[in-house]
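Have a look at the structure below, then the notes.
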There are 2 protein chains.
Amino acid sequence: MAEVLNERSQNILDAIVKDYIISAEPVGSRAISRKHNFNLSPASVRNVMADLEEMGLLCSPHTSSGRIPTGKGFKYYIDTLLEVRDLKPEEKEQLSHSYRFQNMRMEDIMQEVGRVLSGLSQYTGLVMAPKFISTVFRQIEFIRLSHGRVLMIYVSETGLVQNKVIEADSSLTTRDLEQIGNYLNEELNGLSIQEVRNKLKRELQEDRVHYDRLKKQALNLSCSALQDEVEDQLYVAGASLMLGQPEFATPEQMQRLIETFESKKQLLELLDRSQSAQGVQIFIGSESSHVDLEGCSLITSTFSNQKGAIGTLGVIGPVRMNYSQVVPIVDFTAQLVSRVLDRELE
Amino acid sequence: MAEVLNERSQNILDAIVKDYIISAEPVGSRAISRKHNFNLSPASVRNVMADLEEMGLLCSPHTSSGRIPTGKGFKYYIDTLLEVRDLKPEEKEQLSHSYRFQNMRMEDIMQEVGRVLSGLSQYTGLVMAPKFISTVFRQIEFIRLSHGRVLMIYVSETGLVQNKVIEADSSLTTRDLEQIGNYLNEELNGLSIQEVRNKLKRELQEDRVHYDRLKKQALNLSCSALQDEVEDQLYVAGASLMLGQPEFATPEQMQRLIETFESKKQLLELLDRSQSAQGVQIFIGSESSHVDLEGCSLITSTFSNQKGAIGTLGVIGPVRMNYSQVVPIVDFTAQLVSRVLDRELE
DNA sequence: GTTAGCACTCTATATCGACGAGTGCTAATT
DNA sequence: AATTAGCACTCGTCGATATAGAGTGCTAAC
C-alpha cells in the first residue's frame with residue numbers, strides 16, 4: 001500500500017508540504033529549487049513533481065500552476081516525514097500555566113481545555129467529556145418532580161455531574177426516594193457503571209427481591225436511570241478561527257462548516273472513533289469516509305484517569321495544518337487533563 | 001421624537017419595508033407604484049421617498065438605486081405600522097406540538113426551545129435559562145472532592161440543576177457534609193435564593209452560632225456556595241441560518257457574526273436588558289448602542305413560573321426580519337415555556 | 001397636486017489584452 | 001545516464017473599456 005519513495009522524492013514532497021502549510025498556495029518548482037538547497041534545477045524538481053503527481057501525492061489546480069499535496073500526499077507526509085519533537089520542559093511548564101483549573105467544575109474544565117487548545121493552535125478546539133458509561137459510581141440522588149417524574153442526579157468519582165429525568169411509580173414519596181438513594185449509594189460506591197449494571201441485573205433476577213417492595217423499586221429506578229446512554233457532551237471552541245483560513249473563504253464553505261460544527265453529530269462520530277486507540281491520532285478530512293469534513297484534519301488524543309473515565313480532546317483545522325506544532329500541544333494537553341482528573345480523586 | 005407621517009407616507013414606508021423584507025434589495029419607485037395600487041405614479045412616489053429620506057427613515061446605497069429602510073425606518077415601522085396578529089387556535093395547537101418536552105431535563109428543554117425557535121423562524125434561536133438567583137431553593141448536596149474542595153449541587157423548584165466547586169475546611173468529613181446538607185435542606189426549602197441569602201446572613205451574625213461548630217460550618221459553606229453568581233447559561237441554535245442571509249454574505253461579516261455568537265457575552269448582555277421588561281421586546285442592531293450586532297435585530301420575551309424563575313428567549317435575525325411572523329412565535333413560545341415550568345411544580 | 005419626459009448617475013456584467021507564474025518537452029551539457 | 005537550459009504554451013489575475021439597465025432628480029406640462 002504505502003509506496004516507497006527515494007530520498008530525493010521524499011525531500012521534495014516534504015518541502016512542498018511545508019511550503020504549502022505556510023502559504024496555502026500552489027508551490028512551484030522554482031521556489032523549491034531555490035529555497036531549499038537541494039542543488040537541483042527547477043527542471044529536475046519538475047520531473048520529480050510529475051512523478052509524485054502520477055502517484056497521487058500531488059495535484060495541480062490547473063495546467064500551469066504549482067502543485068499542492070493531495071489528501072494522500074498529506075497522509076504520506078504525516079506517516080513518514082513528520083517529525084514531532086517533544087516539548088521542552090520549559091514549554092511544558094508554560095503550557096501548564098495556560099490552563100487554570102482551580103476550583104472548576106468538570107464542565108468548566110472541559111470548556112477551558114477547548115478554549116486553550118483553540119487559542120494555542122489558532123484552530124478549533126474540541127473536547128468530548130468522559131462518557132457516562134466509562135465513569136465510576138460515586139453518588140446518586142433522586143428528586144421528585146411532578147406526575148411520577150423523578151430527577152436523577154449522578155456524580156462520578158471525578159466530579160462529573162449528569163442528570164436525567166425518568167418516569168417512576170408515582171406512589172414513591174420523597175422519603176422513599178431518599179431511602180432508595182441511600183441504599184444505592186452504599187451498594188454501588190466505587191463500581192464502574194458497567195459493573196453497576198451487571199450487579200443490578202443480577203439482583204433483579206433474584207427471587208427474594210419481589211418480597212421487598214422498596215428494594216425492588218430501587219432497582220427498577222436505578223435501572224432506568226443508569227441503563228440508557230446519557231447524551232455525549234461535546235465542547236467546541238474557536239469555530240470562528242476556522243473561518244479565517246483561506247480554504248474556507250467562500251460563503252458556502254463557511255456555512256457548511258458552521259453547520260457541521262453546530263450539529264455536533266459528525267464531530268462526535270469522529271471523536272468516538274479515535275477513542276478506541278491510544279495516543280495521538282490524525283484524521284484527514286478527505287479520507288475519513290462518509291463524514292462531511294472536506295478540507296479538515298483532526299488531531300486527537302484521549303485522556304483518562306486511573307479509574308478509566310475516558311474522554312477525547314483535539315484540534316480540528318484545515319488539512320494544511322501545522323502538524324508539527326499542534327501534535328505536541330494536543331498530546332501534552334491530554335496528559336495534563338488526565339493528571340487533573342486523577343487529582344480529583346483525593 | 002417620533003415624527004408624524006401622513007397616511008400616504010405611512011403607506012409608502014410600509015410598502016417599502018415589506019418589499020425590502022422579502023427581497024433584501026433596494027426598492028424603487030416604479031415597483032411601489034405598480035405592485036401596490038395606491039394610484040400614484042412613480043414620480044409621486046419618488047417625491048414621498050425623498051421626504052422620507054430627509055427624515056432619516058430611508059436611505060439609498062448610492063445615487064441611483066432604490067431606497068432601503070434605515071434602522072430608524074425599521075423602528076418606525078415596528079412601533080407604528082407593524083400589525084402583529086394573534087395566532088389562531090389551530091396554529092397554537094400546531095406550535096405546541098413542535099415542542100417535545102416529555103421527560104426532559106431543564107437543559108434539554110432550553111436547548112429544544114432554541115432549536116424549535118430557530119427552525120420555525122429560520123433565524124437563530126436564543127434561550128437564556130432562568131438565572132440562579134431568580135430560582136427557588138429545593139435541595140442542596142455537598143460531595144467531598146480532594147484537598148478541601150467540595151462539589152455543591154443545587155436543584156431549584158423547577159428542576160434546574162447547577163453545580164459548583166467550592167473551597168472548604170478540609171477537616172469536614174463526608175458525614176459532616178451529609179449532615180450539613182440535611183440541615184440546609186430542611187431550613188431553606190421553598191425560599192427564594194434572595195431570601196436564602198438574607199437568612200444566612202442573619203443567622204451568621206447571631207452569637208450563639210459560634211458555639212455550634214457544625215452549624216457554623218454549614219452556614220459558611222452555604223454562603224460561599226450560594227453567594228456568588230453562577231455563570232449564565234445561554235443556548236444558541238441555528239447560527240448557521242444567519243449565514244444564509246444576504247446581509248451577511250461576505251466572509252468578514254460571517255466571521256464577525258460567528259465570533260459574536262461564540263463569545264456569548266454580548267448576547268447575554270442584550271438578553272439581560274430585555275429581562276427587566278414584560279412581554280415581547282424588539283431590539284434593532286444599529287440602535288442597541290455599544291453592542292456589536294450591526295445588521296441584526298433581536299425579538300425577545302421572558303418566561304417565568306409562578307415562583308418567579310425568570311428566563312429569556314428570543315430570535316435573532318437580520319434587521320430585515322419578518323417581524324409579523326416571528327413576533328407571535330416568540331410570544332407564544334414564552335407562554336408555552338412558562339406553562340411547562342409550572343408543570344414541573346407538582 | 002400630479003405626472004410624463006428626459007438627462008444623468010451608478011452598478012453590474014462582459015470583453016479584451018497584457019502580464020506573470022508555471023509547466024512540459026526537447027536538445028544540449030556534464 | 002542524469003541533469004539542465006531554453007522555449008513554447010497554458011491558464012489565471014488584473015486593469016481598462018464598453019454596454020445595458022435600473023433608478024433617480026428635475027422640469028415642464030397636465
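Per chain, numbering begins at 1; letters A, B, ... match sequence-line order. When reading the values below, keep in mind they use all heavy atoms of this one structure, side chains included, and skip hydrogens, waters and symmetry mates.
In plain terms, the two heavy atoms of Met49(A) and Val27(A) that are nearest each other are CE-O, 3.4 Å. Across all non-hydrogen atoms, the minimal contact from Met242(B) to Phe248(B) is O-CD1, 3.5 Å.
Going from atom CD1 of Ile68(B) over to atom P of dA22(D) covers 19 Å, rounded to whole Å. One interatomic measurement links the two molecules: CD of Glu53(A) to P of dC25(C), which rounds to 11 Å at whole-angstrom precision. One interatomic measurement links the two molecules: CG of Leu52(A) to C1' of dT23(C), which rounds to 15 Å at whole-angstrom precision. Atom CD1 of Ile32(B) and atom P of dG23(D) are 11 Å apart (whole Å). Counting to the nearest Å, the C1' atom of dA21(C) and the CE atom of Met49(A) are 12 Å from each other. Between the C1' atom of dG23(D) and the OH atom of Tyr20(B) lies a distance of 17 Å, rounded to the nearest Å. The nearest whole Å value for the distance from the CG atom in Asn47(B) to the C1' atom in dG25(D) is 9 Å. For the pair Arg67(B) CZ and dT24(D) C1', the interatomic distance rounds to 7 Å; values are reported in whole Å.
The base of dG24(C) sits with one of its N or O atoms less than 3.5 Å from a complementary donor or acceptor on the side chain of Arg46(A). Residue-to-nucleotide contacts include no donor-acceptor pair under 3.5 Å from the side chain of Ser41(B) to the base of dT3(C). One can find a donor-acceptor pair under 3.5 Å joining the base of dT10(D) and the side-chain atoms of Ser64(A).
When distances are taken from the side chain of Ala43(A) to each of dC11(D), dC10(C), dT4(D), the shortest belongs to dT4(D). Taking the side chain of Thr63(A) as heavy atoms from C-beta on, and the options dC11(D), dT11(C), dT4(D), the nearest nucleotide is dC11(D).
Between His36(B) and Phe38(B), the two ring planes are parallel [angle under 30°; tilted spans 30° to 60°].
If you check every strand for non-hydrogen atoms under 4.0 Å, Ser65(B) touches sugar and phosphate atoms only.
For dG22(C), neither phosphate oxygen OP1 nor OP2 lies less than 4.0 angstrom from any side-chain nitrogen or oxygen of Ser29(A). The side chain of Arg8(B) places an N or O atom within less than 4.0 Å of a non-bridging phosphate oxygen (OP1 or OP2) of dT2(C).
A side-chain donor-acceptor contact under 3.5 Å links Thr124(A) to the backbone of Gly238(A).
Residues Arg320(A) and Pro246(A) meet the side-chain proximity criterion, which asks for heavy atoms closer than 4.5 Å.
Closest-nucleotide positions on DNA chain C for His62(B) and Asn39(B) were compared, and the one nearer the 5' end corresponds to Asn39(B).
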